[in-house]
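Contents: one structure, followed by commentary.
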Amino acid sequence: MKSDELFALLRRRGVLWPSAEIYGGAQGLYDYGPLGAALKRRVEEAWVAWFPGLSHDYYVIEPAEILPEAVVRASGHLENFTDPEITCEQCHASFRAETVLEKVRPEGVDGLSPTQIAEIVSARQVRCPNCGSAALSVPRSFNLMFGMDFGVTGKERAYLRPETAQGSYLSFARMWDVGRRALPLGIAVVGKAYRNEIAPRQLLFRMRAFTQAELQIFFDPATFPVPFDSVRDERLPVLRVARRSAGEESPELVSAGDLAASGGLPEFYVFHLVHSFRFFRDVLRYPADRIRLFEKSDAERAFYNRIQFDIEVRLESLGGFKELGAVHYRGDYDLRRHSEGSGRDLSVTLSAGTKVLPHVLELTFGVDRNVWALADVHLVKDGERTIWRLPPYLAPVPVGVFPLMAKEHAAYALRLSDDLESQGISNRYDEAGAIGRRYARMDEVGTPFCITVDGRTLEEGPDRDTVTLRDRDTRSQERLRVTDLVARLRPALVAPRPRRA
RNA sequence: GCGGGCAUAGUGUAGUCUGGUUAUCACAUAGGCUUGCCAAGCCUAUAACCCGGGUUCAAAUCCCGGUGCCCGCACCA
(Lines give C-alpha, C1' and ligand atoms only; values in the text may rest on other atoms or scores of the structure.)
Protein backbone atom coordinates (compact mmCIF):
# COMPACT_ATOMS: atom_id res chain seq x y z
CA MET A 1 0.00 0.00 0.00
CA LYS A 2 1.22 3.52 -0.71
CA SER A 3 1.69 5.79 2.27
CA ASP A 4 -1.30 8.04 1.42
CA GLU A 5 -3.65 5.10 1.30
CA LEU A 6 -2.20 3.54 4.43
CA PHE A 7 -2.40 6.81 6.36
CA ALA A 8 -6.02 7.34 5.25
CA LEU A 9 -6.91 3.89 6.56
CA LEU A 10 -5.12 4.48 9.86
CA ARG A 11 -6.87 7.85 10.27
CA ARG A 12 -10.27 6.40 9.51
CA ARG A 13 -9.92 3.59 12.00
CA GLY A 14 -8.64 5.79 14.79
CA VAL A 15 -5.05 4.65 14.87
CA LEU A 16 -3.31 7.91 14.10
CA TRP A 17 -3.91 11.47 12.90
CA PRO A 18 -2.12 14.83 12.60
CA SER A 19 -1.90 16.85 15.79
CA ALA A 20 -3.89 20.07 16.16
CA GLU A 21 -5.89 19.21 13.04
CA ILE A 22 -8.69 21.71 13.74
CA TYR A 23 -6.09 24.48 13.51
CA GLY A 24 -4.66 23.18 10.28
CA GLY A 25 -2.15 20.81 11.83
CA ALA A 26 1.34 21.15 13.22
CA GLN A 27 4.30 19.87 11.25
CA GLY A 28 5.97 16.82 12.68
CA LEU A 29 3.42 16.11 15.41
CA TYR A 30 0.93 13.24 15.42
CA ASP A 31 -1.71 11.99 17.86
CA TYR A 32 -2.47 8.34 18.44
CA GLY A 33 -6.13 7.34 18.70
CA PRO A 34 -7.45 4.46 20.79
CA LEU A 35 -6.15 1.73 18.51
CA GLY A 36 -2.80 3.40 17.92
CA ALA A 37 -2.26 4.07 21.61
CA ALA A 38 -3.05 0.44 22.43
CA LEU A 39 -0.84 -0.89 19.66
CA LYS A 40 2.04 1.34 20.69
CA ARG A 41 1.67 0.27 24.30
CA ARG A 42 1.84 -3.39 23.29
CA VAL A 43 4.90 -2.79 21.14
CA GLU A 44 6.58 -1.14 24.11
CA GLU A 45 5.60 -4.04 26.35
CA ALA A 46 7.00 -6.53 23.86
CA TRP A 47 10.24 -4.55 23.68
CA VAL A 48 10.55 -4.47 27.48
CA ALA A 49 9.91 -8.21 27.69
CA TRP A 50 12.59 -8.88 25.09
CA PHE A 51 15.53 -6.51 25.67
CA PRO A 52 15.55 -5.73 29.39
CA GLY A 53 14.45 -9.37 29.63
CA LEU A 54 17.89 -10.48 28.46
CA SER A 55 19.38 -10.30 31.94
CA HIS A 56 18.46 -10.05 35.63
CA ASP A 57 20.79 -7.06 35.76
CA TYR A 58 18.89 -4.97 33.22
CA TYR A 59 16.47 -2.43 34.64
CA VAL A 60 13.81 -0.10 33.25
CA ILE A 61 13.79 3.42 34.67
CA GLU A 62 11.89 6.62 33.89
CA PRO A 63 14.13 9.68 34.01
CA ALA A 64 13.04 13.31 33.51
CA GLU A 65 12.41 14.60 29.99
CA ILE A 66 13.98 18.01 30.67
CA LEU A 67 17.74 18.31 30.75
CA PRO A 68 19.57 21.21 32.46
CA GLU A 69 21.94 23.02 30.16
CA ALA A 70 25.03 21.57 31.85
CA VAL A 71 23.94 18.09 30.76
CA VAL A 72 23.60 18.88 27.07
CA ARG A 73 26.82 20.86 27.14
CA ALA A 74 28.68 17.81 28.49
CA SER A 75 26.91 15.37 26.14
CA GLY A 76 27.94 17.49 23.16
CA HIS A 77 24.40 18.21 22.02
CA LEU A 78 24.66 21.94 22.62
CA GLU A 79 27.57 22.46 20.25
CA ASN A 80 27.19 19.50 17.92
CA PHE A 81 23.46 19.23 17.55
CA THR A 82 23.51 22.14 15.17
CA ASP A 83 23.80 22.35 11.44
CA PRO A 84 25.37 25.53 10.12
CA GLU A 85 23.84 25.89 6.66
CA ILE A 86 24.92 27.97 3.71
CA THR A 87 22.39 28.96 1.07
CA CYS A 88 23.18 30.09 -2.46
CA GLU A 89 21.28 33.29 -3.36
CA GLN A 90 21.66 32.44 -7.03
CA CYS A 91 20.31 28.91 -7.34
CA HIS A 92 18.64 28.59 -3.89
CA ALA A 93 20.43 25.35 -3.09
CA SER A 94 21.54 24.94 0.50
CA PHE A 95 24.38 22.92 1.94
CA ARG A 96 25.99 22.08 5.22
CA ALA A 97 28.79 24.57 5.87
CA GLU A 98 31.13 21.63 6.35
CA THR A 99 30.43 20.42 2.81
CA VAL A 100 30.94 23.80 1.15
CA LEU A 101 34.18 24.39 3.02
CA GLU A 102 35.67 20.93 2.84
CA LYS A 103 38.35 21.92 0.27
CA VAL A 104 39.56 25.08 2.02
CA ARG A 105 39.08 23.75 5.52
CA PRO A 106 39.38 19.95 5.61
CA GLU A 107 39.43 19.87 9.43
CA GLY A 108 35.73 20.79 9.49
CA VAL A 109 33.80 23.67 11.03
CA ASP A 110 33.15 22.38 14.54
CA GLY A 111 33.37 25.15 17.06
CA LEU A 112 33.21 27.99 14.54
CA SER A 113 30.55 30.65 14.91
CA PRO A 114 28.36 31.61 11.93
CA THR A 115 30.29 34.87 11.67
CA GLN A 116 33.63 33.06 11.52
CA ILE A 117 32.28 30.72 8.84
CA ALA A 118 31.05 33.71 6.83
CA GLU A 119 34.51 35.28 7.08
CA ILE A 120 36.14 32.13 5.70
CA VAL A 121 33.63 32.00 2.85
CA SER A 122 34.41 35.57 1.79
CA ALA A 123 38.18 35.48 2.47
CA ARG A 124 38.69 32.27 0.46
CA GLN A 125 36.20 33.26 -2.27
CA VAL A 126 34.26 30.04 -1.85
CA ARG A 127 31.71 29.37 -4.57
CA CYS A 128 28.45 27.48 -4.70
CA PRO A 129 29.09 23.76 -5.35
CA ASN A 130 25.94 23.64 -7.45
CA CYS A 131 26.00 26.68 -9.77
CA GLY A 132 29.42 28.24 -9.09
CA SER A 133 27.99 31.55 -7.96
CA ALA A 134 29.79 33.51 -5.25
CA ALA A 135 26.48 34.74 -3.80
CA LEU A 136 26.55 32.57 -0.70
CA SER A 137 24.50 33.64 2.30
CA VAL A 138 25.75 33.97 5.85
CA PRO A 139 25.15 30.59 7.47
CA ARG A 140 22.36 30.23 9.94
CA SER A 141 23.13 28.25 13.03
CA PHE A 142 20.25 26.13 14.09
CA ASN A 143 20.06 23.94 17.15
CA LEU A 144 17.83 20.94 16.80
CA MET A 145 16.95 20.96 20.49
CA PHE A 146 13.88 22.62 21.98
CA GLY A 147 15.21 25.04 24.57
CA MET A 148 13.28 26.70 27.37
CA ASP A 149 13.56 28.98 30.34
CA PHE A 150 13.94 27.00 33.54
CA GLY A 151 13.03 28.32 36.94
CA VAL A 152 11.50 31.66 37.91
CA THR A 153 14.46 33.91 37.18
CA GLY A 154 14.43 33.01 33.50
CA LYS A 155 18.22 32.98 33.59
CA GLU A 156 18.63 29.25 33.70
CA ARG A 157 18.29 27.30 30.48
CA ALA A 158 17.06 23.75 29.97
CA TYR A 159 16.24 21.54 26.99
CA LEU A 160 13.79 18.83 26.09
CA ARG A 161 15.87 15.70 25.76
CA PRO A 162 16.88 15.01 22.14
CA GLU A 163 17.39 11.33 23.00
CA THR A 164 16.34 9.17 25.94
CA ALA A 165 19.84 7.77 26.44
CA GLN A 166 21.10 10.75 28.47
CA GLY A 167 18.76 9.85 31.32
CA SER A 168 20.41 6.45 31.57
CA TYR A 169 23.89 7.96 31.70
CA LEU A 170 22.83 10.47 34.34
CA SER A 171 21.37 7.66 36.43
CA PHE A 172 24.38 5.38 36.16
CA ALA A 173 25.98 6.34 39.51
CA ARG A 174 22.72 5.84 41.38
CA MET A 175 21.94 2.59 39.55
CA TRP A 176 25.39 1.23 40.39
CA ASP A 177 24.30 1.30 44.04
CA VAL A 178 20.68 0.25 43.42
CA GLY A 179 21.87 -2.70 41.35
CA ARG A 180 24.38 -5.24 42.49
CA ARG A 181 27.53 -3.20 41.88
CA ALA A 182 28.42 -5.48 39.03
CA LEU A 183 28.95 -5.17 35.32
CA PRO A 184 27.34 -5.58 32.88
CA LEU A 185 24.56 -3.30 34.09
CA GLY A 186 21.68 -2.43 31.79
CA ILE A 187 19.54 0.70 32.08
CA ALA A 188 16.54 0.96 29.75
CA VAL A 189 14.25 3.89 29.03
CA VAL A 190 11.07 3.99 26.98
CA GLY A 191 9.85 7.49 26.39
CA LYS A 192 9.58 10.64 24.34
CA ALA A 193 12.45 12.50 22.78
CA TYR A 194 12.17 15.87 21.05
CA ARG A 195 13.95 17.36 18.07
CA ASN A 196 13.07 20.55 16.27
CA GLU A 197 13.57 19.00 12.84
CA ILE A 198 14.09 21.34 9.92
CA ALA A 199 11.93 19.29 7.60
CA PRO A 200 9.70 16.76 9.32
CA ARG A 201 8.42 14.40 6.67
CA GLN A 202 7.29 10.87 6.00
CA LEU A 203 4.80 10.78 8.85
CA LEU A 204 6.10 8.83 11.80
CA PHE A 205 9.62 8.66 10.37
CA ARG A 206 10.76 12.14 11.22
CA MET A 207 8.67 13.66 13.96
CA ARG A 208 9.40 16.51 16.32
CA ALA A 209 8.24 14.44 19.29
CA PHE A 210 8.79 10.72 19.10
CA THR A 211 9.13 7.67 21.30
CA GLN A 212 12.37 5.78 21.68
CA ALA A 213 13.04 2.53 23.50
CA GLU A 214 16.71 2.31 24.37
CA LEU A 215 18.78 -0.06 26.46
CA GLN A 216 22.21 1.15 27.53
CA ILE A 217 24.42 -1.71 28.65
CA PHE A 218 27.41 -0.62 30.74
CA PHE A 219 30.23 -3.12 30.68
CA ASP A 220 33.89 -3.68 31.48
CA PRO A 221 35.80 -3.37 28.18
CA ALA A 222 38.19 -6.09 29.38
CA THR A 223 35.42 -8.67 29.56
CA PHE A 224 31.79 -8.82 28.48
CA PRO A 225 30.86 -12.48 28.79
CA VAL A 226 27.89 -13.62 26.68
CA PRO A 227 26.52 -17.13 25.97
CA PHE A 228 27.73 -16.91 22.41
CA ASP A 229 27.14 -20.58 21.59
CA SER A 230 23.41 -19.93 21.82
CA VAL A 231 23.60 -17.62 18.80
CA ARG A 232 26.68 -18.90 16.93
CA ASP A 233 24.76 -20.60 14.11
CA GLU A 234 22.22 -17.83 13.54
CA ARG A 235 22.62 -16.46 10.04
CA LEU A 236 22.25 -12.70 9.77
CA PRO A 237 21.35 -10.67 6.66
CA VAL A 238 24.23 -8.21 6.86
CA LEU A 239 25.29 -5.50 4.45
CA ARG A 240 28.81 -4.59 5.46
CA VAL A 241 30.78 -1.52 4.47
CA ALA A 242 33.07 -3.42 2.10
CA ARG A 243 30.14 -4.95 0.27
CA ARG A 244 28.40 -1.60 0.06
CA SER A 245 31.41 0.15 -1.39
CA ALA A 246 31.42 -2.55 -4.08
CA GLY A 247 28.04 -1.16 -5.10
CA GLU A 248 25.95 -3.95 -3.59
CA GLU A 249 22.73 -3.04 -1.77
CA SER A 250 21.38 -6.46 -0.90
CA PRO A 251 22.49 -8.22 2.26
CA GLU A 252 24.31 -11.53 2.44
CA LEU A 253 23.68 -14.22 5.01
CA VAL A 254 26.60 -14.62 7.36
CA SER A 255 26.58 -16.72 10.52
CA ALA A 256 27.11 -15.02 13.85
CA GLY A 257 30.12 -17.24 14.40
CA ASP A 258 31.76 -16.03 11.18
CA LEU A 259 30.98 -12.38 11.91
CA ALA A 260 32.90 -12.72 15.16
CA ALA A 261 35.67 -15.06 14.03
CA SER A 262 36.60 -13.60 10.65
CA GLY A 263 34.40 -10.51 10.48
CA GLY A 264 36.32 -8.53 13.06
CA LEU A 265 33.38 -7.90 15.37
CA PRO A 266 33.49 -8.62 19.13
CA GLU A 267 31.34 -11.52 20.32
CA PHE A 268 29.35 -9.34 22.72
CA TYR A 269 28.43 -7.07 19.83
CA VAL A 270 27.36 -9.89 17.52
CA PHE A 271 25.43 -11.54 20.34
CA HIS A 272 23.29 -8.42 20.78
CA LEU A 273 22.96 -7.93 17.06
CA VAL A 274 21.46 -11.42 16.86
CA HIS A 275 19.01 -10.66 19.64
CA SER A 276 17.98 -7.45 17.96
CA PHE A 277 17.48 -9.25 14.66
CA ARG A 278 15.42 -11.95 16.38
CA PHE A 279 13.19 -9.30 17.95
CA PHE A 280 12.34 -7.91 14.53
CA ARG A 281 11.92 -11.32 12.92
CA ASP A 282 10.34 -13.39 15.70
CA VAL A 283 8.47 -10.88 17.84
CA LEU A 284 7.38 -8.18 15.40
CA ARG A 285 7.37 -10.86 12.68
CA TYR A 286 8.77 -8.84 9.82
CA PRO A 287 9.61 -11.32 7.06
CA ALA A 288 13.32 -12.18 7.25
CA ASP A 289 13.85 -11.30 3.61
CA ARG A 290 12.69 -7.74 4.26
CA ILE A 291 15.23 -7.14 7.02
CA ARG A 292 18.84 -6.12 6.59
CA LEU A 293 21.57 -5.19 9.04
CA PHE A 294 23.20 -2.14 7.51
CA GLU A 295 26.70 -1.33 8.69
CA LYS A 296 27.51 2.38 8.91
CA SER A 297 30.92 3.53 7.69
CA ASP A 298 33.33 5.75 9.61
CA ALA A 299 31.99 8.78 7.78
CA GLU A 300 28.34 7.93 8.31
CA ARG A 301 28.21 7.15 11.99
CA ALA A 302 28.54 9.60 14.85
CA PHE A 303 32.17 10.10 15.77
CA TYR A 304 31.84 8.41 19.17
CA ASN A 305 30.30 5.23 17.77
CA ARG A 306 32.91 2.56 17.19
CA ILE A 307 30.57 0.03 15.59
CA GLN A 308 27.10 0.71 14.25
CA PHE A 309 24.62 -1.47 12.42
CA ASP A 310 21.21 -0.07 11.62
CA ILE A 311 18.39 -2.57 11.52
CA GLU A 312 16.43 -1.77 8.41
CA VAL A 313 13.15 -3.11 7.07
CA ARG A 314 11.92 -2.69 3.52
CA LEU A 315 8.64 -0.77 3.54
CA GLU A 316 6.37 -0.68 0.53
CA SER A 317 4.68 2.54 1.64
CA LEU A 318 7.95 4.47 1.79
CA GLY A 319 9.62 2.82 -1.14
CA GLY A 320 12.69 1.24 0.40
CA PHE A 321 14.63 0.16 3.45
CA LYS A 322 14.05 2.29 6.54
CA GLU A 323 15.97 2.36 9.81
CA LEU A 324 13.82 0.97 12.63
CA GLY A 325 16.49 0.27 15.21
CA ALA A 326 20.24 0.09 15.72
CA VAL A 327 23.06 -1.33 17.79
CA HIS A 328 25.72 1.21 18.75
CA TYR A 329 29.01 0.51 20.46
CA ARG A 330 29.65 3.95 21.99
CA GLY A 331 32.86 3.19 23.86
CA ASP A 332 33.41 5.24 27.02
CA TYR A 333 32.37 8.52 25.41
CA ASP A 334 29.23 9.11 27.45
CA LEU A 335 30.49 8.40 30.96
CA ARG A 336 33.76 10.19 30.22
CA ARG A 337 31.99 13.34 29.08
CA HIS A 338 29.66 13.31 32.08
CA SER A 339 32.58 12.64 34.43
CA GLU A 340 34.31 15.70 33.03
CA GLY A 341 31.15 17.81 32.90
CA SER A 342 29.88 17.03 36.38
CA GLY A 343 33.22 16.71 38.14
CA ARG A 344 32.09 13.37 39.49
CA ASP A 345 34.24 10.35 38.69
CA LEU A 346 31.86 7.81 37.14
CA SER A 347 34.38 4.99 36.99
CA VAL A 348 33.63 2.03 39.25
CA THR A 349 35.66 -0.41 41.27
CA LEU A 350 34.95 -4.03 40.46
CA SER A 351 35.02 -6.84 42.98
CA ALA A 352 38.49 -7.84 41.75
CA GLY A 353 39.66 -4.40 42.81
CA THR A 354 40.21 -3.02 39.33
CA LYS A 355 38.86 0.41 38.51
CA VAL A 356 37.23 0.93 35.11
CA LEU A 357 35.22 3.55 33.28
CA PRO A 358 32.47 1.38 31.76
CA HIS A 359 31.88 1.25 28.03
CA VAL A 360 28.37 1.45 26.60
CA LEU A 361 26.53 -0.78 24.16
CA GLU A 362 23.33 0.91 23.10
CA LEU A 363 20.36 -1.03 21.69
CA THR A 364 17.98 1.53 20.27
CA PHE A 365 14.50 1.16 18.83
CA GLY A 366 12.12 3.66 17.23
CA VAL A 367 8.68 2.90 18.62
CA ASP A 368 6.62 5.13 16.30
CA ARG A 369 8.49 3.98 13.22
CA ASN A 370 7.75 0.40 14.14
CA VAL A 371 4.06 1.15 14.65
CA TRP A 372 4.07 2.39 11.07
CA ALA A 373 6.11 -0.58 9.86
CA LEU A 374 3.70 -3.00 11.55
CA ALA A 375 0.94 -1.42 9.48
CA ASP A 376 3.02 -1.42 6.31
CA VAL A 377 4.12 -5.04 6.60
CA HIS A 378 1.09 -6.72 8.12
CA LEU A 379 -1.84 -4.77 6.72
CA VAL A 380 -2.76 -6.60 3.54
CA LYS A 381 -5.56 -6.59 1.04
CA ASP A 382 -7.28 -9.84 0.17
CA GLY A 383 -9.73 -8.98 -2.58
CA GLU A 384 -12.34 -6.71 -1.02
CA ARG A 385 -11.13 -7.45 2.48
CA THR A 386 -8.44 -5.63 4.38
CA ILE A 387 -6.72 -7.71 7.01
CA TRP A 388 -4.20 -6.52 9.55
CA ARG A 389 -2.22 -9.67 10.29
CA LEU A 390 -0.64 -8.42 13.50
CA PRO A 391 0.91 -10.94 15.85
CA PRO A 392 -1.94 -11.64 18.34
CA TYR A 393 -0.01 -10.26 21.33
CA LEU A 394 0.35 -6.90 19.55
CA ALA A 395 -3.29 -6.56 18.48
CA PRO A 396 -4.90 -3.43 19.97
CA VAL A 397 -8.13 -5.36 20.46
CA PRO A 398 -7.21 -9.05 20.77
CA VAL A 399 -10.75 -10.44 20.93
CA GLY A 400 -14.18 -9.59 19.48
CA VAL A 401 -17.37 -10.91 21.09
CA PHE A 402 -20.56 -11.05 19.03
CA PRO A 403 -24.10 -12.31 19.38
CA LEU A 404 -25.09 -14.05 16.16
CA MET A 405 -28.47 -12.32 16.46
CA ALA A 406 -28.59 -9.25 18.64
CA LYS A 407 -32.19 -9.86 19.70
CA GLU A 408 -31.66 -13.36 20.98
CA HIS A 409 -28.02 -13.70 21.99
CA ALA A 410 -27.01 -10.23 23.18
CA ALA A 411 -27.50 -10.81 26.90
CA TYR A 412 -25.30 -13.90 26.94
CA ALA A 413 -22.64 -12.29 24.73
CA LEU A 414 -22.50 -9.14 26.86
CA ARG A 415 -22.00 -11.21 29.98
CA LEU A 416 -19.28 -13.24 28.25
CA SER A 417 -17.54 -10.05 27.14
CA ASP A 418 -17.50 -8.80 30.73
CA ASP A 419 -16.29 -12.12 32.11
CA LEU A 420 -13.39 -12.25 29.68
CA GLU A 421 -12.43 -8.67 30.46
CA SER A 422 -12.31 -9.38 34.17
CA GLN A 423 -10.05 -12.34 33.49
CA GLY A 424 -7.62 -10.12 31.65
CA ILE A 425 -8.75 -10.84 28.10
CA SER A 426 -9.32 -7.41 26.59
CA ASN A 427 -12.16 -7.52 24.07
CA ARG A 428 -14.76 -5.55 22.17
CA TYR A 429 -18.46 -6.35 22.00
CA ASP A 430 -20.24 -5.66 18.70
CA GLU A 431 -23.79 -6.39 17.63
CA ALA A 432 -24.18 -3.91 14.77
CA GLY A 433 -24.85 -5.15 11.25
CA ALA A 434 -24.46 -8.56 9.69
CA ILE A 435 -22.04 -11.01 11.27
CA GLY A 436 -19.78 -11.00 8.21
CA ARG A 437 -19.47 -7.24 8.38
CA ARG A 438 -18.45 -7.46 12.03
CA TYR A 439 -15.77 -10.03 11.23
CA ALA A 440 -14.51 -7.76 8.45
CA ARG A 441 -14.38 -4.74 10.74
CA MET A 442 -12.30 -6.67 13.24
CA ASP A 443 -10.02 -8.06 10.51
CA GLU A 444 -9.21 -4.51 9.52
CA VAL A 445 -8.10 -3.50 13.01
CA GLY A 446 -6.06 -6.64 13.49
CA THR A 447 -8.20 -8.56 15.96
CA PRO A 448 -7.01 -12.18 15.76
CA PHE A 449 -9.93 -13.90 17.52
CA CYS A 450 -13.70 -13.45 17.30
CA ILE A 451 -16.11 -15.28 19.57
CA THR A 452 -19.72 -15.71 18.46
CA VAL A 453 -22.64 -16.68 20.68
CA ASP A 454 -25.34 -18.50 18.70
CA GLY A 455 -28.47 -20.60 19.16
CA ARG A 456 -26.58 -23.70 20.18
CA THR A 457 -24.93 -21.81 23.04
CA LEU A 458 -28.30 -21.26 24.66
CA GLU A 459 -29.98 -24.58 23.86
CA GLU A 460 -30.10 -27.46 26.26
CA GLY A 461 -27.94 -30.38 25.24
CA PRO A 462 -24.30 -31.22 24.59
CA ASP A 463 -23.56 -27.84 22.96
CA ARG A 464 -24.87 -25.78 25.83
CA ASP A 465 -22.38 -23.04 26.78
CA THR A 466 -20.21 -23.58 23.74
CA VAL A 467 -19.31 -20.79 21.33
CA THR A 468 -17.47 -20.51 18.05
CA LEU A 469 -13.96 -19.13 17.94
CA ARG A 470 -13.06 -17.68 14.56
CA ASP A 471 -9.49 -17.16 13.43
CA ARG A 472 -8.62 -13.97 11.55
CA ASP A 473 -6.02 -15.42 9.21
CA THR A 474 -7.57 -18.76 8.27
CA ARG A 475 -11.21 -17.72 8.79
CA SER A 476 -11.71 -21.18 10.25
CA GLN A 477 -14.02 -21.73 13.20
CA GLU A 478 -13.86 -24.13 16.08
CA ARG A 479 -16.49 -24.83 18.67
CA LEU A 480 -15.37 -24.88 22.26
CA ARG A 481 -16.69 -24.56 25.80
CA VAL A 482 -16.88 -21.09 27.28
CA THR A 483 -14.95 -22.37 30.30
CA ASP A 484 -12.01 -23.28 28.05
CA LEU A 485 -11.75 -19.89 26.34
CA VAL A 486 -9.27 -18.19 28.63
CA ALA A 487 -6.86 -21.12 28.65
CA ARG A 488 -7.13 -21.30 24.87
CA LEU A 489 -6.55 -17.57 24.24
CA ARG A 490 -4.09 -16.43 26.87
CA PRO A 491 -0.91 -18.14 25.57
CA ALA A 492 -1.33 -16.46 22.18
CA LEU A 493 -1.61 -13.03 23.80
CA VAL A 494 1.75 -13.06 25.57
CA ALA A 495 4.75 -11.65 23.71
CA PRO A 496 7.75 -13.99 23.42
CA ARG A 497 10.80 -13.37 25.57
CA PRO A 498 14.35 -14.68 25.41
CA ARG A 499 15.90 -17.06 27.90
CA ARG A 500 17.86 -15.09 30.44
CA ALA A 501 21.60 -15.39 30.35
C1' G B 1 15.23 25.66 4.56
C1' C B 2 14.73 26.14 -1.23
C1' G B 3 11.86 24.84 -5.79
C1' G B 4 7.43 22.56 -7.95
C1' G B 5 2.50 20.47 -7.29
C1' C B 6 -1.87 19.88 -4.37
C1' A B 7 -5.98 21.10 -0.49
C1' U B 8 -14.24 19.69 -1.47
C1' A B 9 -18.43 15.10 4.10
C1' G B 10 -15.15 9.78 7.97
C1' U B 11 -12.69 7.86 2.99
C1' G B 12 -12.20 8.39 -2.33
C1' U B 13 -14.09 11.96 -5.69
C1' A B 14 -17.27 15.50 -9.63
C1' G B 15 -17.50 20.66 -10.14
C1' U B 16 -12.46 25.18 -10.55
C1' C B 17 -9.83 26.44 -16.78
C1' U B 18 -14.88 29.77 -18.63
C1' G B 19 -17.55 33.01 -11.10
C1' G B 20 -24.33 32.37 -11.06
C1' U B 21 -30.31 26.96 -8.89
C1' U B 22 -30.58 23.25 -3.00
C1' A B 23 -22.18 21.40 -4.38
C1' U B 24 -22.01 15.32 -7.74
C1' C B 25 -21.41 10.23 -7.01
C1' A B 26 -19.66 5.89 -4.42
C1' C B 27 -18.16 3.65 -0.06
C1' A B 28 -18.27 4.19 5.21
C1' U B 29 -21.30 5.54 9.69
C1' A B 30 -26.29 5.72 12.45
C1' G B 31 -31.62 4.19 12.68
C1' G B 32 -35.69 1.01 10.63
C1' C B 33 -37.49 -3.43 7.80
C1' U B 34 -35.67 -8.10 6.24
C1' U B 35 -31.90 -12.00 6.74
C1' G B 36 -29.10 -15.09 10.23
C1' C B 37 -21.73 -17.43 10.35
C1' C B 38 -18.06 -14.06 6.64
C1' A B 39 -18.76 -6.53 3.97
C1' A B 40 -26.42 -9.19 0.80
C1' G B 41 -31.02 -6.05 -0.16
C1' C B 42 -34.65 -1.89 0.55
C1' C B 43 -35.96 2.86 3.15
C1' U B 44 -34.28 7.03 6.05
C1' A B 45 -30.68 10.11 8.41
C1' U B 46 -25.88 12.39 9.59
C1' A B 47 -21.97 14.76 6.98
C1' A B 48 -17.67 18.86 3.18
C1' C B 49 -15.62 23.63 -0.29
C1' C B 50 -8.08 24.23 4.82
C1' C B 51 -7.63 29.39 7.43
C1' G B 52 -7.59 34.82 6.75
C1' G B 53 -7.99 38.95 3.54
C1' G B 54 -9.13 41.11 -1.41
C1' U B 55 -11.87 41.70 -6.35
C1' U B 56 -17.21 41.30 -7.69
C1' C B 57 -24.17 42.39 -7.70
C1' A B 58 -22.36 37.31 -6.82
C1' A B 59 -16.38 33.25 -5.00
C1' A B 60 -15.53 26.06 -3.99
C1' U B 61 -14.13 28.66 -8.68
C1' C B 62 -10.17 34.68 -9.76
C1' C B 63 -6.02 37.42 -6.77
C1' C B 64 -2.78 37.94 -2.17
C1' G B 65 -1.03 36.00 2.54
C1' G B 66 -0.87 31.89 5.98
C1' U B 67 -1.16 26.67 7.34
C1' G B 68 -0.80 21.59 6.02
C1' C B 69 0.32 17.46 2.68
C1' C B 70 3.12 15.20 -1.57
C1' C B 71 7.61 15.12 -4.89
C1' G B 72 12.75 16.78 -5.81
C1' C B 73 17.10 19.17 -3.50
C1' A B 74 19.26 19.96 1.21
C1' C B 75 19.18 18.09 6.23
C1' C B 76 18.68 13.80 9.71
C1' A B 77 24.81 15.15 16.34
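Protein chains get the first letters and strands the later ones, always in sequence-line order, with residue 1 at the start of each.
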Kindly compute the distance separating CZ (R337(A)) from OH (Y169(A)), expressed to the nearest 0.5 Å.
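Interatomic distance, R337(A) CZ to Y169(A) OH, rounded to 0.5 Å: 13.0 Å.
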Gap separating the CD1 atom of I387(A) from the OG1 atom of T447(A), nearest 0.5 angstrom
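The distance works out to 12.5 Å.
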Nearest-Å distance for atom pair [atom1]/[atom2], residues [X] and [N]:
X: R208(A); N: C69(B); atom1: CZ; atom2: C1'; answer: 14 Å
X: F210(A); N: C76(B); atom1: CZ; atom2: C1'; answer: 10 Å
X: R206(A); N: C75(B); atom1: CZ; atom2: P; answer: 10 Å
X: E323(A); N: C75(B); atom1: CD; atom2: P; answer: 17 Å
X: E5(A); N: U13(B); atom1: CD; atom2: P; answer: 11 Å
X: L318(A); N: G72(B); atom1: CG; atom2: C1'; answer: 16 Å
X: R201(A); N: G5(B); atom1: CZ; atom2: C1'; answer: 12 Å
X: F7(A); N: G12(B); atom1: CZ; atom2: C1'; answer: 16 Å

Given C70(B), C76(B), G12(B), identify the nucleotide with an atom nearest to the side chain of R11(A).
G12(B)
From C-beta outward on A199(A), which listed nucleotide comes closest to its side chain: G12(B), A74(B), C70(B)?
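From the listed options, A74(B) comes nearest.
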Cation over ring, R157(A) on F150(A), under 6.0 Å and within 45°?
no
Mind checking if Q27(A) touches a base, just sugar-phosphate, or nothing, with heavy atoms under 4.0 Å?
sugar-phosphate
With a non-hydrogen cut-off below 4.0 angstrom, is A8(A) in contact with a base, only sugar-phosphate, or nothing?
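Sugar-phosphate contact only.
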CD (E62(A)) with more than 12 external heavy atoms under 6.0 Å:
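Incorrect, the count does not exceed 12.
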B/S/- along nucleotides 28-40 of chain B (protein heavy atoms under 4.0 Å) is SS------BBBBS
Using the C1' atom as the point on both nucleotides, what is the distance between U24(B) and C51(B), in whole Å?
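The same atom, C1', in both gives a distance of 25 Å.
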